[in-house]
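Being a predicted model, the structure only gives us computed values, none of them experimental.
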Amino acid sequence: MKQVEFQAVAQSQAPVWRSLLGFAHSMALKCAVELKLADIIHSHATPITISQIASSIDSPSTPDESSLKRVMRLLVEDQIFTSYEPSDGGETLYGSTEASSWIVNNKETSLSSFIIAQTHSSMMTGWSYLSQGVKEGGTGFEKAYNCNLYEFASKDQEFNKIFNSGMACMAKDLTAAIVEQYHDGFKGINTLVDVGGGIGKTIAAIVEANPHIKGINFDLSHVLAMAPKYNGVTHIVGNMFESIPKADAIFMKWIMHNWSDDECIKILKNCQKALSKRSGKVIIADMVLDPSNTNPFRERHIVGDLRMLAINRGKERTEPEWKRLLKEGGFPRYKIIEVAPTLCIVEAYME
């Protein structure tokens with residue numbers, strides 16, 4: 001085979017190799033979080049050497065600098081960190097970036113807990129059963145464990161803690177966007193129930209910004225077992241598929257995309273029963289897929305939808321899909337408000 005033919009073959013294989021080895025980027029990122037590499041590098045005012053990084057890693061044994069250097073090489077390639085060779089011929093120096101600031105563990109806006117949750121071995125196993133879910137229906141996670149994600153979490157205390165911490169961590173920035181961008185939407189609401197509210201951070205932030213609201217955080221018992229107390233918020237244990245506490249308005253963040261259309265319709269019908277007035281509303285904070293090829297977050301949207309297929313029973317939805325779902329659930333009138341590049345408020349009414 002001639003050199004030019006080798007090059008053509010390599011070029012044609014490139015997308016396959018890129019997809020095949022994509023998991024390595026996730027694992028390197030997980031490694032960075034577990035070793036607290038961003039914490040170490042950000043704690044220095046100037047870029048530092050591999051030996052300086054290694055000496056700061058919390059480990060009962062001496063870290064292998066050669067291995068660390070190879071991990072750092074990919075993290076630099078992924079623009080998580082920077083590297084450069086000093087002009088005096090000294091050791092390679094590694095520095096921080098805007099991206100690495102998001103994985104500093106002790107920061108309020110850190111994504112570290114979410115990264116650990118999403119790369120947990122139980123989650124990754126669910127992905128490995130994706131093809132079986134396609135052939136038989138259902139999610140990869142259910143095929144792997146014979147139960148859904150939430151049932152699994154209720155049985156595994158360690159995973160439950162990791163998962164809930166990850167969800168709370170990811171919610172911080174988006175909750176701030178909701179509170180700021182949808183502030184007028186909370187006016188006139190006296191009682192607001194957060195359905196599937198996790199450990200309560202979102203409803204607590206909403207109530208703090210809108211102290212006239214009485215907040216209800218509604219979730220399963222094993223979730224609320226981890227929930228702290230918040231001013232103005234009451235925790236209520238229950239199942240949204242059975243009933244929802246009465247309120248003036250119902251809030252659901254990243255709930256509907258976890259479930260099938262039929263399950264979402266059941267949730268919406270329970271919302272109808274829970275609203276104290278016909279004029280009440282459901283406030284859905286979720287993704288609205290943009291089918292155009294020009295959206296800069298298109299890949300993230302597509303991968304997010306596939307994650308629903310691998311791990312949950314739901315999907316990300318386009319506006320026409322939201323419209324049909326809401327109508328069948330008894331909420332024919334709605335409007336969509338974008339509050340962040342990957343999050344919208346779908347405000348829905350019964351009349």
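- Classification of E136 and K143 as a salt-bridged pair holds, one side-chain N sitting under 4.0 Å from a carboxylate O.
- Side-chain atoms of D78 never come within 3.5 Å of backbone atoms of I80 as a donor-acceptor pair (strictly under, hydrogens ignored).
- With respect to E328 and R324, a salt bridge is recorded, a charged nitrogen being found less than 4.0 Å from a carboxylate O.
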Inset, instruction - Quick one: do S260 and E263 satisfy side chain to side chain donor-acceptor pair (under 3.5 Å)? Show the steps, please. - result: CA-CA 5 Å; S260 69; E263 288 166 322; 3.0 Å; yes

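- What you find for P245 and A274 is that their closest heavy atoms are O-CB, 3.5 Å.
- Hydrophobic cluster membership for L289: M287 (Ile, Leu, Val, Met, Phe, Trp, Tyr linked by side-chain heavy atoms under 4.5 Å, directly or transitively).
- With contacts defined as side-chain heavy-atom distances shorter than 4.5 Å, the pair V33/K30 does not qualify.
- Residues meeting the ring-ring contact (aromatic ring centres under 6.0 Å, His included) test with F23, sequence neighbours left out: none.
- For residues 295-351, no residue pair satisfies the ring-ring contact (aromatic ring centres under 6.0 Å, His included) rule, not counting sequence neighbours.
- Here the closest heavy-atom approach between residue A205 and residue T175 is recorded as CB-CG2, 3.6 Å.
- Judged by distance alone, with hydrogens and angles left aside, the side-chain atoms of E151 form a donor-acceptor pair with the main-chain N or O of N148 at under 3.5 Å.
- Judged purely by atom type and a 3.5 angstrom limit, R278 has no side-chain atom pairing as donor or acceptor with the backbone of Q272.
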Inset, instruction - Please lay out, stage by stage, how N160 and D156 fare under the test side chain to side chain donor-acceptor pair (under 3.5 Å). - result: CA-CA 6 Å; N160 182 52; D156 188 320; over 6 Å; no

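- We find the SG-CG distance between C31 and L75 to be 7.5 Å, quoted to the nearest 0.5 Å.
- For CD of E158, the number of neighbouring non-hydrogen atoms (other residues, nucleotides, ligands) closer than 6.0 Å is 12 at most.
- Within the 4.5 Å cutoff, no side-chain heavy atoms of S165 are placed close to those of I162.
- Without hydrogens or angle criteria, D248 side chain to N190 main chain gives a donor-acceptor distance under 3.5 Å.
- Annotation: side chain of I57 is in contact with side chain of L37 (closest heavy-atom distance under 4.5 Å).
- Applying the 6.0 Å contact sphere to CD of E208 captures no more than 12 heavy atoms from other residues, nucleotides or ligands.
- For Q157, the CD atom sits in a loose shell: 12 or fewer heavy atoms of surrounding residues, nucleotides or ligands are nearer than 6.0 Å.
- Through direct or relayed side-chain contacts under 4.5 Å between Ile, Leu, Val, Met, Phe, Trp and Tyr, Y84 connects to L93.
- Taking all atoms of both residues into account, the shortest heavy-atom contact from A54 to P63 is O-CG, 3.4 Å.
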Please tabulate, for the side chains in residues 219-231, all donor-acceptor contacts under 3.5 angstrom to protein atoms that are two or more places apart in sequence or on a different chain.
{"from": "D219", "atom 1": "OD2", "to": "G197", "atom 2": "N", "distance (Å)": "3.4"}
{"from": "D219", "atom 1": "OD2", "to": "G198", "atom 2": "N", "distance (Å)": "2.8"}
{"from": "Y230", "atom 1": "OH", "to": "I199", "atom 2": "O", "distance (Å)": "2.9"}

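- Heavy-atom minimum distance, T109 versus W102: O-CE3, 3.2 Å.
- For an aromatic pair to be called close, the ring centres must be under 6.0 Å apart, and F152 with Y145 satisfies this.
- Between W259 and F241, the angle of the ring planes goes over 60°, which puts this pair in the perpendicular group of the 30/60° scheme.
- If you chain together hydrophobic residues whose side chains sit under 4.5 Å apart, L174 and M308 never meet in one group.
- Not one N or O on the side chain of S19 forms a donor-acceptor pair closer than 3.5 Å with the backbone of V16.
- Evaluation of the ring-ring contact (aromatic ring centres under 6.0 Å, His included) test over residues 104-131, restricted to residues two or more places apart or in two chains, returns H120-F159.
- Counting only heavy atoms from C-beta outward, the side chains of E142 and R313 approach each other to under 4.5 Å.
- When the side chains of ILVMFWY residues are joined at heavy-atom separations under 4.5 Å, either directly or via intervening members, F251 and I236 end up in a single hydrophobic cluster.
- Hydrophobic side-chain contacts under 4.5 Å tie V104 to no other Ile, Leu, Val, Met, Phe, Trp or Tyr residue.
- Annotation: side-chain hydrogen bond (donor to acceptor under 3.5 Å, both in side chains) contacts of E316 (sequence neighbours excluded): H257.
- Each of T202, D286, I284 was compared with W254 under the side-chain contact (heavy atoms from CB on, under 4.5 Å) criterion, and only D286 meets it.
- Atom CG of L74 and atom NE2 of H25 lie 5.5 Å apart (nearest 0.5 Å).
- Among residues two or more places apart in sequence or in another chain, the side-chain hydrogen bond (donor to acceptor under 3.5 Å, both in side chains) test is passed with D262 by none.
- In this structure, CZ on R298 lies 8.0 Å from CG on D290, to the nearest 0.5 angstrom.
- In this structure H235 satisfies the side-chain hydrogen bond (donor to acceptor under 3.5 Å, both in side chains) test together with N217, sequence neighbours excluded.
- Under the ring-ring contact (aromatic ring centres under 6.0 Å, His included) criterion, the residue pairs touching residues 183-214 are Y182-F186, with sequence neighbours excluded.
- At a threshold of 4.5 Å between non-hydrogen side-chain atoms, the residues R317 and V288 do not count as touching.
- Judged purely by atom type and a 3.5 angstrom limit, Q13 has no side-chain atom pairing as donor or acceptor with the backbone of A10.
- A distance of 13.0 Å separates CD of E34 from CG of D58, quoted to the nearest 0.5 Å.
- Taken to the nearest 0.5 Å, the NZ atom of K327 stands 14.5 Å off from the CG atom of L268.
- Listed for the S56 side chain is a donor-acceptor partner under 3.5 Å among the backbone atoms of Q52.
- Residue-environment remark: CD (E85) exceeds the threshold of 12 foreign heavy atoms within 6.0 Å.
- Inter-residue side-chain proximity for L309 and K315 is flagged as unmet; no heavy-atom pair is nearer than 4.5 Å.
- No continuous path of ILVMFWY side-chain contacts below 4.5 Å connects V193 to V237, so the two sit in separate hydrophobic clusters.
- One N or O on the side chain of N210 and one on the backbone of I206 form a donor-acceptor pair closer than 3.5 Å.
- No continuous path of ILVMFWY side-chain contacts below 4.5 Å connects I311 to V303, so the two sit in separate hydrophobic clusters.
- Between E299 and I302, every side-chain heavy-atom pair lies at or beyond the 4.5 Å cut-off.
- Applying the side-chain hydrogen bond (donor to acceptor under 3.5 Å, both in side chains) definition to pairs two or more places apart or across chains, those involving residues 35-48 are D39-N105, H42-S100.
- By the 6.0 Å contact criterion, CD on E321 is enclosed, its count of non-hydrogen atoms from other residues, nucleotides or ligands being greater than 12.
- By the rule that hydrophobic residues join a cluster once side-chain heavy atoms approach within less than 4.5 Å of another member, V179 and V195 end up as members of one cluster.
- Residues I216 and D194 form no side-chain contact, since every pair of their non-hydrogen atoms from C-beta on lies 4.5 Å or further apart.
- Taken to the nearest 0.5 Å, the CD1 atom of I250 stands 9.5 Å off from the CD1 atom of I283.
- No side-chain donor-acceptor contact under 3.5 Å links T49 to the backbone of E91.
- Not a single donor-acceptor pair under 3.5 Å links the side chain of S59 to the backbone N or O of T62.
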